[in-house]
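Step one of this worksheet: look at the structure below.
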Amino acid sequence: LLCILGGAPSLAWAQMFVTTGRDTLRGLPGVEVLVEPLQPELEAVGLSTTGLTREVTQQLTAAGVTIYQSQRENPSSSKPYVYVHVSAVAGGNGDVAVAIQLHLRQTLVSLTTESRVVNAMSWDQHSVSVMPLRMLRADIVEEVRALAARFVADWKAVH
């Protein structure tokens, strides 16, 4: 056990630091917004992919982030987009476990092969919480807004 623990730090020294987070937003001209299609259970409480797309788009636009409607419009070679994924599992007591992810995904170039890695996540925020079914729609929209606000804060910090 001591040999393994003693060798672990040397392995960590050999690892290359890969920048993620706000630094990967620097220099981007804008983003697209993509919300993953919602589960039927989430649509049943009044949520919609279109509605969440509109929420995130309006929030980013209000903060000064340029929104592109397609990759063709987006002048950046990395074609960045904000990706939102919401998933839920109902509990037996009327509560629902909800996982929400908000990522910036973009095309990145490999330093070793010069190949382009499509759809790499370079910035992310996520939350997992339990919400009462009666408040599910409002709580999910509020949490998506909170994650988008973190994106806006990081965007503004580097632009």
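In this chain, numbering begins with 1 at the start of the sequence shown.
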Item checked: Arg150 vs Asp154, side chain to side chain contact (heavy atoms under 4.5 Å, CB included): CA-CA, chis, key distance, verdict -> CA-CA 6 Å; Arg150 292 181 196 161; Asp154 281 353; 5.8 Å; no

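- Nearest heavy atoms, Leu28 versus Trp155: O-CH2, 3.4 Å.
- Shortest non-hydrogen contact noted between Pro80 and Leu104 is CB-CD1, 4.0 Å.
- Residue Asn74 comes nearest to Gly30 through the heavy atom pair ND2-O, 4.2 Å, listed as atom of the first residue, atom of the second, then distance.
- Within the structure, salt bridge (Lys or Arg N to Asp or Glu O under 4.0 Å) pairs that include any residue of residues 75-103 do not occur (at least two apart or interchain).
- Rounding to the nearest 0.5 angstrom, the gap separating the CZ atom in Arg145 from the CD atom in Gln58 is 9.0 Å.
- Within 6.0 Å of NE2 in His159 there are more than 12 heavy atoms belonging to other residues, nucleotides or ligands.
- Using modelled atom types, one finds a donor on one side chain and an acceptor on the other under 3.5 Å when comparing Ser76 with Ser78.
- What you find for Leu38 and Thr49 is that their closest heavy atoms are N-OG1, 3.3 Å.
- A distance of 13.0 Å separates OG1 of Thr61 from CZ of Arg54, quoted to the nearest 0.5 Å.
- When the shell of 6.0 Å around CD of Gln39 is examined, it contains more than 12 heavy atoms from other residues, nucleotides or ligands.
- Follow the hydrophobic side-chain contacts under 4.5 Å out from Val56 and you reach Ile100 in the same cluster.
- Inter-residue side-chain proximity for Val31 and Ile67 is flagged as met; some heavy-atom pair is nearer than 4.5 Å.
- Note that CG of Leu52 is 8.0 Å distant from CZ of Arg137, once rounded to the nearest 0.5 Å.
- Each of Tyr68 and Val84 belongs to its own hydrophobic cluster when Ile, Leu, Val, Met, Phe, Trp and Tyr are linked at side-chain heavy-atom distances under 4.5 angstrom.
- Under the 4.5 Å side-chain heavy-atom criterion for Ile, Leu, Val, Met, Phe, Trp and Tyr, Leu147 and Val158 are members of the same hydrophobic cluster.
- Under the 4.5 Å side-chain heavy-atom criterion for ILVMFWY residues, a single connected hydrophobic cluster contains both Val98 and Val45.
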Next item on the list: For the pair Leu102 and Trp123, evaluate side chain to side chain contact (heavy atoms under 4.5 Å, CB included) and give the outcome as yes or no after the intermediate values.
Entry: CA-CA 8 Å; Leu102 194 140; Trp123 181 97; 3.4 Å; yes

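- With contacts defined as side-chain heavy-atom distances shorter than 4.5 Å, the pair Leu47/Val141 qualifies.
- Contact between Gln59 and Ala149 at its shortest, heavy atoms only, is NE2-N, 3.3 Å.
- Considering Glu32, His103, Glu36, Gln101 as possible partners of Tyr83, the one that fulfils the side-chain hydrogen bond (donor to acceptor under 3.5 Å, both in side chains) test is Glu36.
- Checked against side chain to side chain donor-acceptor pair (under 3.5 Å), Glu73 has no partners two or more places apart in sequence or in another chain.
- A pairwise comparison of heavy atoms in Ser122 and Gln106 identifies OG-NE2, 2.8 Å as the closest pair.
- When hydrophobic clusters are built by joining Ile, Leu, Val, Met, Phe, Trp and Tyr residues whose side-chain heavy atoms come closer than 4.5 Å, directly or via intermediates, Val86 is not grouped with Leu34.
- A 4.5 Å side-chain heavy-atom check between Asp139 and Pro132 finds at least one atom pair inside the cut-off.
- Inter-residue side-chain proximity for Glu55 and Val144 is flagged as unmet; no heavy-atom pair is nearer than 4.5 Å.
- Side-chain contact between Phe151 and Leu25: present, with at least one pair of heavy atoms (C-beta onward) separated by less than 4.5 Å.
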